[in-house]
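Shown next, in structure tokens, is the structure this report addresses.
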Amino acid sequence: MNLWWKIKNLRYRLRGVKQEIYRLVDVNLQSQYSIRVIKADGRIIDYGVVSRQVITTIGADYLSDCCTGSGEPENINYHQYGTGTTPAAIGDTGLQTATGSRSAGTQSNPSSRVYRSVATIAFTSTLAITEHGIFWASSGASTIFDHHVFSAINVVNGDSIEGTYELTFADGG
């Protein structure tokens, strides 16, 4: 594992400490994003959890619309990467600098109250990937549900990123 990368990325993980402490006394949605890079030669580099929750305002609005039948929650399944470095914020409406097209993930419920979407996206050029979004549409603006920004993960032609998005619905309260 790349220890130096984990140290550089710590600032993005610490960003979620306030929310995690808040969760101890309040009930809400919790999300996290994990990455494994599959190198062109078959090696796998597991970065683990790279970011926690920045569910956007339009994402929360979309989820509430799903409760009235105006949206389909199973559509929150499209992954895309980018190279933007501006910190994720609830007001985001898309990735800062998107790369490639969106890819549908494989959905599951690995445990009670947990939604998971896993997508593997291959790269055909050299990039420093620094952001991920999960969307409720395969294309189009203003459809980002959750936005994650993290320290650069370098990929080259033939590399892939397997990303795992998890959304936990806490009970109680």
Side-chain angles (χ1 to χ4, degrees), residues 1-17 19-20 29-56 59 73-89 92-111 113-141 143-168:
M1 171 41 89
N2 187 338
L3 181 60
W4 177 240
W5 184 91
K6 283 190 172 245
I7 291 169
K8 284 189 340 185
N9 194 61
L10 190 57
R11 68 177 184 229
Y12 297 104
R13 293 289 308 275
L14 291 177
R15 180 186 181 287
V17 168
Q19 291 105 330
E20 290 182 29
L29 298 174
Q30 304 168 25
S31 71
Q32 67 180 29
Y33 190 67
S34 304
I35 287 179
R36 289 180 355 137
V37 174
I38 303 159
K39 302 301 282 180
D41 64 8
R43 289 178 298 125
I44 296 175
I45 303 170
D46 189 347
Y47 287 87
V49 175
V50 299
S51 180
R52 296 202 190 272
Q53 166 170 328
V54 178
I55 296 173
T56 65
E74 65 273 13
N75 289 341
I76 304 169
N77 188 38
Y78 295 95
H79 298 251
Q80 188 173 28
Y81 291 105
T83 58
T85 57
T86 301
D92 292 344
T93 58
L95 295 177
Q96 180 186 2
T97 310
T99 60
S101 58
R102 296 179 192 162
S103 179
T106 301
Q107 298 173 315
S108 65
N109 294 104
S111 62
R113 298 179 305 276
V114 176
Y115 164 74
R116 178 183 289 165
S117 177
V118 180
T120 302
I121 297 176
F123 296 90
T124 58
S125 61
T126 299
L127 295 166
I129 300 299
T130 54
E131 63 179 333
H132 167 268
I134 189 153
F135 299 80
W136 66 81
S138 61
S139 64
T143 60
I144 190 166
F145 179 77
D146 207 334
H147 187 193
H148 300 94
V149 176
F150 41 86
S151 292
I153 296 176
N154 296 310
V155 295
V156 298
N157 183 25
D159 290 352
S160 299
I161 292 180
E162 175 189 85
T164 302
Y165 176 80
E166 289 186 338
L167 180 63
T168 302

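Of all the heavy atoms in S151 and W5, the pair that sits closest is O-NE1, 3.3 Å. Nearest heavy-atom pair across T83 and T130 is C-OG1, 3.0 Å. S103 approaches A119 most closely through the heavy-atom pair O-CB, 4.2 Å.
A distance of 4.0 Å separates CD1 of I153 from CD1 of I35, quoted to the nearest 0.5 Å. Rounded to the nearest 0.5 Å, atoms CG (D146) and CG (D92) are 10.0 Å apart. Taking OH of Y115 as the reference point, atom OG1 of T168 lies at 12.5 Å (rounded to 0.5 Å).
Side-chain N or O atoms of T56 include one that pairs as donor or acceptor with a backbone N or O of I144 at under 3.5 Å. Side chain of N9 to backbone of F150: no donor-acceptor contact under 3.5 angstrom is found. Side chain of Y81 to main chain of I121: no donor-acceptor pair is present (N/O by atom type, distance under 3.5 Å, no hydrogens or angles).
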- Message: Under the criterion side-chain contact (heavy atoms from CB on, under 4.5 Å), I'd like the reasoning laid out for L167 against F145: C-alpha separation, chi angles, the key distance, then a yes or no.
- Response: CA-CA 11 Å; L167 180 63; F145 179 77; 4.0 Å; yes
- Item | Intermediate values then yes/no, side-chain contact (heavy atoms from CB on, under 4.5 Å), T97 and E131 | CA-CA 8 Å; T97 310; E131 63 179 333; 4.2 Å; yes
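Residues H79 and S117 bring a donor and an acceptor atom of their side chains to less than 3.5 Å of each other.
Scored by the side-chain hydrogen bond (donor to acceptor under 3.5 Å, both in side chains) test, R102 finds Q80, T143 as partners (sequence neighbours excluded). Residues that satisfy the side chain to side chain contact (heavy atoms under 4.5 Å, CB included) test with A104, not counting sequence neighbours, are N77, Y78. Take E74 and apply the side-chain hydrogen bond (donor to acceptor under 3.5 Å, both in side chains) test, not counting sequence neighbours, and it matches no residue. In this structure N157 satisfies the side chain to side chain contact (heavy atoms under 4.5 Å, CB included) test together with T124, sequence neighbours excluded. With sequence neighbours excluded, the residues that form a side chain to side chain contact (heavy atoms under 4.5 Å, CB included) with Q32 are S34, V49, R52, E166. Considering only residues two or more places apart in sequence or on other chains, A40 meets the side chain to side chain contact (heavy atoms under 4.5 Å, CB included) condition with D159.
You'll find the side chain of E162 reaches within 4.5 Å of the side chain of I38, heavy atoms only. Using a 4.5 Å cut-off on side-chain heavy atoms (C-beta onward), V118 and T164 make contact. In this structure the side chain of H147 reaches within 4.5 angstrom of the side chain of L95, judged on heavy atoms. Using a 4.5 Å heavy-atom threshold, the side chains of I129 and F123 count as touching.
Contact check on K39 versus D41 returns no salt bridge, with no Lys/Arg side-chain nitrogen under 4.0 Å from an Asp/Glu carboxylate oxygen.
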